[in-house]
Every structure is written in C-alpha cells, then in structure tokens.
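Just so we're on the same page: letters track the sequence lines, and every chain starts at 1.
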Number of protein chains: 2
Amino acid sequence: MVAMQTHYLKIGQLAARAGISVESLRYYESEGLISANCRSENGYRLYSDESIQKLGFILHAKKIGFSLKEIKRLLGLRLNRDQHTCEEVKDYTGAKIREIEQKIADLVKMKSALVSLHEACCGGNETADNCSILQTLEAPFTFEKIESGDS
Amino acid sequence: MVAMQTHYLKIGQLAARAGISVESLRYYESEGLISANCRSENGYRLYSDESIQKLGFILHAKKIGFSLKEIKRLLGLRLNRDQHTCEEVKDYTGAKIREIEQKIADLVKMKSALVSLHEACCGGNETADNCSILQTLEAPFTFEKIESGDS
DNA sequence: ATAAACCCTGAAGCTTACTATAGGGTCAAG
DNA sequence: CTTGACCCTATAGTAAGCTTCAGGGTTTAT
C-alpha cells in the first residue's frame with residue numbers, strides 16, 4: 001500500500017515536530033544521514049512522509065546509543081534490507097550492547113571508588129585540613145597502579 | 001617533618017613513571033593543573049617530590065571520573081584546605097556521584113532498549129527484509145516521545 | 001512597505017583531552 | 001663530530017555533534 005503524500009514539511013516544521021534544531025537537521029544532511037526529498041522553487045528543503053519516517057529511525061537509534069556514524073551504517077542496512085541478513089543486523093546490536101555494558105562497568109567502578117571516598121568523609125563544618133577525601137586522593141598512590149585504568 | 005629533596009625528575013622521567021605522555025604533562029600545565037617546581041639552566045622542566053605527589057592526586061581523581069576542569073577545582077581545595085570545609089569537599093564528591101549515577105541510569109535504559117530489540121531478532125541467515133530490529137527502529141515512533149530522552 | 005520570521009550556503013567556533021607537527025636547542029655516546 | 005635521544009615553544013589537528021556567524025534571499029503579517 002502506497003500512502004498518498006499529503007504535504008511537505010519545511011525544515012523548521014520538521015525540526016519543531018522532532019524536537020531538534022534546524023541546524024541539527026542540516027548537520028545530519030551534511031553527514032549523509034538524511035536529505036530532503038526535494039526542494040521548493042526557492043530552494044527550501046521539503047520533507048515528505050518518507051523523510052519524516054527516516055528521521056524517526058535516526059532519532060530512535062540515537063536515543064538507544066548509536067552514534068551518527070553508526071546510524072549511517074544502520075540506514076544502509078535499512079535501505080538495502082534484501083542484501084543483508086538478520087544475523088548481520090543482530091551482530092550490530094550485539095556489539096553495541098557489549099560496548100554499553102563496558103561503559104556501565106567502568107562507571108560503576110568509578111562510582112564505587114567515589115562512594116568509598118565519600119562515605120569516609122565526615123562532611124563536617126570544620127576546615128578540610130584533615131579531610132579524608134583529599135587525603136585519600138593524595139596519599140597512597142603509586143603510578144604503576146594507574147596505567148590500566150583507562151579504556 | 002620535611003622530606004629532603006633527593007633529586008628532580010625531568011619531564012620524560014615523570015611521564016614514564018606516571019604512565020602518561022610528555023605531551024599530556026605539558027597539556028596539564030597549560031591548563032593550570034600542574035607545573036614544574038623549577039627549570040634547569042637550559043630551560044628543562046624539573047619536578048620535585050611535591051609535583052610528583054600532585055600528579056598522583058590528579059591521575060587518581062581522573063581515574064575516578066573527574067574532568068580536568070573539576071580536578072583543577074579540587075586542587076584548589078587541596079591547596080587551601082584551611083579555607084574550605086569537609087562539607088564542601090563532600091558536596092563535591094556527592095555531586096559527582098549523582099552525575100555518574102545519572103549516566104549509568106541512561107546507559108542502562110539504552111541497554112535494555114537495545115536488548116529487547118536484540119532478543120526479538122531471529123538472527124538468522126535470511127535477508128533482513130523482515131528484520132524485527134529494523135522494523136522496530138522504524139515503525140512505532142512518534143516524535144513527541146523522543147524529546148525527553150537526552151540529558 | 002517594512003519588519004519579523006523564515007529559508008539558504010559556507011565557514012568558523014565550541015567542548016574535552018589530547019596528539020601531532022614544525023622548527024629548534026641540549027646532551028651523552030661512539 | 002655527528003647521531004640519537006632528549007628537551008623547548010607555538011600552533012594545528014582530531015573526534016563528535018552540534019552551534020554560531022556572516023551575508024543574503026523569501027514570505028507573511030501589519
């Protein structure tokens with residue numbers, strides 16, 4: 001079933017509807033993610049239902065953590081579905097899930113280190129001369145232990 | 001007790017000991033985090049025990065998630081302990097903890113969205129024409145629901 | 001008819017934490 | 001005495017995802 005194109009949206013209208021800025025939309029275009037279906041006589045971008053749907057896809061993917069570069073690849077899969085397998089698509093989400101898990105694990109580590117610091121501190125109104133937080137950040141630090149910290 | 005300064009380190013030595021690059025060290029200096037205690041006759045940076053300790057503080061704080069800008073503030077607290085309270089320091093870590101918690105929560109949301117997508121997909125060898133992942137990213141999307149997603 | 005609110009392009013600027021490059025001085029070994 | 005490993009400064013480039021600016025047309029309301 002082919003839906004009839006009721007009317008086109010101008011960039012400002014689409015941006016408002018999507019809750020993003022006009023500039024972002026143009027930026028997405030410059031990055032090859034989405035372009036207007038056509039232009040009006042005066043050169044204004046005109047977006048059809050199809051573009052609106054595509055923008056939905058983009059924002060949805062963005063929301064669940066894909067970068068614009070990755071979304072561009074996803075859009076390629078989307079467009080040429082028949083040339084790709086479900087496996088391929090699933091591998092993509094799988095990799096992303098592992099990536100996110102890694103980020104979470106890193107943050108959880110940071111958080112627990114911070115929480116121990118935080119809880120050891122009296123938080124009192126006296127001067128920080130003997131503040132345990134500062135002391136811990138300071139003191140028992142050997143450089144060797146640090147290197148492996150960053151991803 | 002005042003420790004005697006045994007000898008100074010040159011920038012390459014300190015960098016090697018800390019497991020960071022010489023350029024990073026100079027960058028930290030340019031950002032006002034740490035500078036050499038003095039210079040040798042030929043202009044080489046010379047770092048004393050005090051600087052080494054300070055760098056330890058910096059890397060430690062970095063490891064638990066503080067940005068360089070934040071570390072600069074922490075160094076201010078550290079230096080003028082007597083003009084600040086434990087409360088102040090503790091507030092700082094508290095805020096950072098909440099920030100990290102927020103990031104974790106966002107990532108967890110992303111992950112669970114991704115996992116439902118991922119699990120719904122057959123992952124089979126057939127073409128992605130009916131791939132549930134692509135369909136879900138595509139279809140039931142209304143712009144209104146998106147806006148509140150980003151921090 | 002004129003001002004506000006749109007639209008266009010192209011280029012530069014922002015943030016963070018560096019890395020790299022250009023151009024040049026210093027120092028120890030062979 | 002030259003090669004290589006250091007050190008210095010200053011400037012530019014990187015990634016990501018925009019935002020802002022400069023300079024200029026268009027459309028809509030008053």
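In this structure, CG of B:Leu68 is placed 11 Å from P of C:dT19, rounded to the nearest angstrom. The CD-P distance, from A:Gln13 to D:dT26, rounds to 19 Å in whole Å. The NZ-P distance, from B:Lys10 to C:dG25, rounds to 18 Å in whole Å. Atom CD1 of B:Ile20 and atom P of C:dC18 are 8 Å apart (whole Å). In this entry the distance linking CD1 of B:Ile71 with C1' of C:dC18 reads 14 Å, nearest Å. We find that NZ of A:Lys63 is positioned 18 Å from P of D:dG17, with the value rounded to whole Å. Straight-line distance from the CD1 atom of A:Ile11 to the P atom of D:dT19: 12 Å, rounded to whole Å. Rounded to whole Å, the distance from NZ on A:Lys72 to P on D:dG17 is 13 Å.
In this model, the phosphate group of D:dT19 is approached by a side-chain N or O of A:Ser21 to a distance below 4.0 Å at OP1 or OP2. In this model, the phosphate group of D:dC18 is approached by a side-chain N or O of A:Lys62 to a distance below 4.0 Å at OP1 or OP2. OP1 or OP2 of C:dT16 lies within a sub-4.0 Å distance of a side-chain N or O belonging to B:Lys69.
With hydrophobic clusters built from ILVMFWY side chains whose heavy atoms lie under 4.5 angstrom apart, B:Ile20 does not share a cluster with B:Tyr44.
Of the listed residues (B:Asn125, B:Thr127, B:Asp129), just one forms a side chain to side chain contact (heavy atoms under 4.5 Å, CB included) with A:Thr85, and that residue is B:Asn125.
When only modelled atom types and interatomic distance are considered, B:Asp106 and B:Gln102 share a side-chain donor-acceptor pair under 3.5 Å.
Ion pairing between B:Lys96 and B:Glu99 holds under the 4.0 Å rule for side-chain N and carboxylate O.
In this structure, the side chains of B:Ile133 and A:Leu77 stay at 4.5 Å or more apart for every pair of heavy atoms. Annotation: side chain of B:Ile64 is in contact with side chain of A:Leu137 (closest heavy-atom distance under 4.5 Å). Side-chain contact between A:Glu70 and A:Arg73 is absent, with no heavy atoms from C-beta onward closer than 4.5 Å.
For B:Glu31 (side chain) and B:Tyr28 (main-chain N/O), no donor-acceptor pair under 3.5 Å exists by modelled atom type.
Contact check of residues 33-45 of chain A against DNA chain C (heavy atom, cut-off under 4.0 Å) returns A:Arg39, A:Gly43, A:Tyr44, A:Arg45. Residues from residues 22-32 of chain B with heavy atoms under 4.0 angstrom of DNA chain C, sorted by number: B:Glu23, B:Ser24, B:Tyr27, B:Tyr28.
Across A:Arg45 and A:Ala36, no two heavy atoms sit closer than the pair CB-CB, 3.6 Å.
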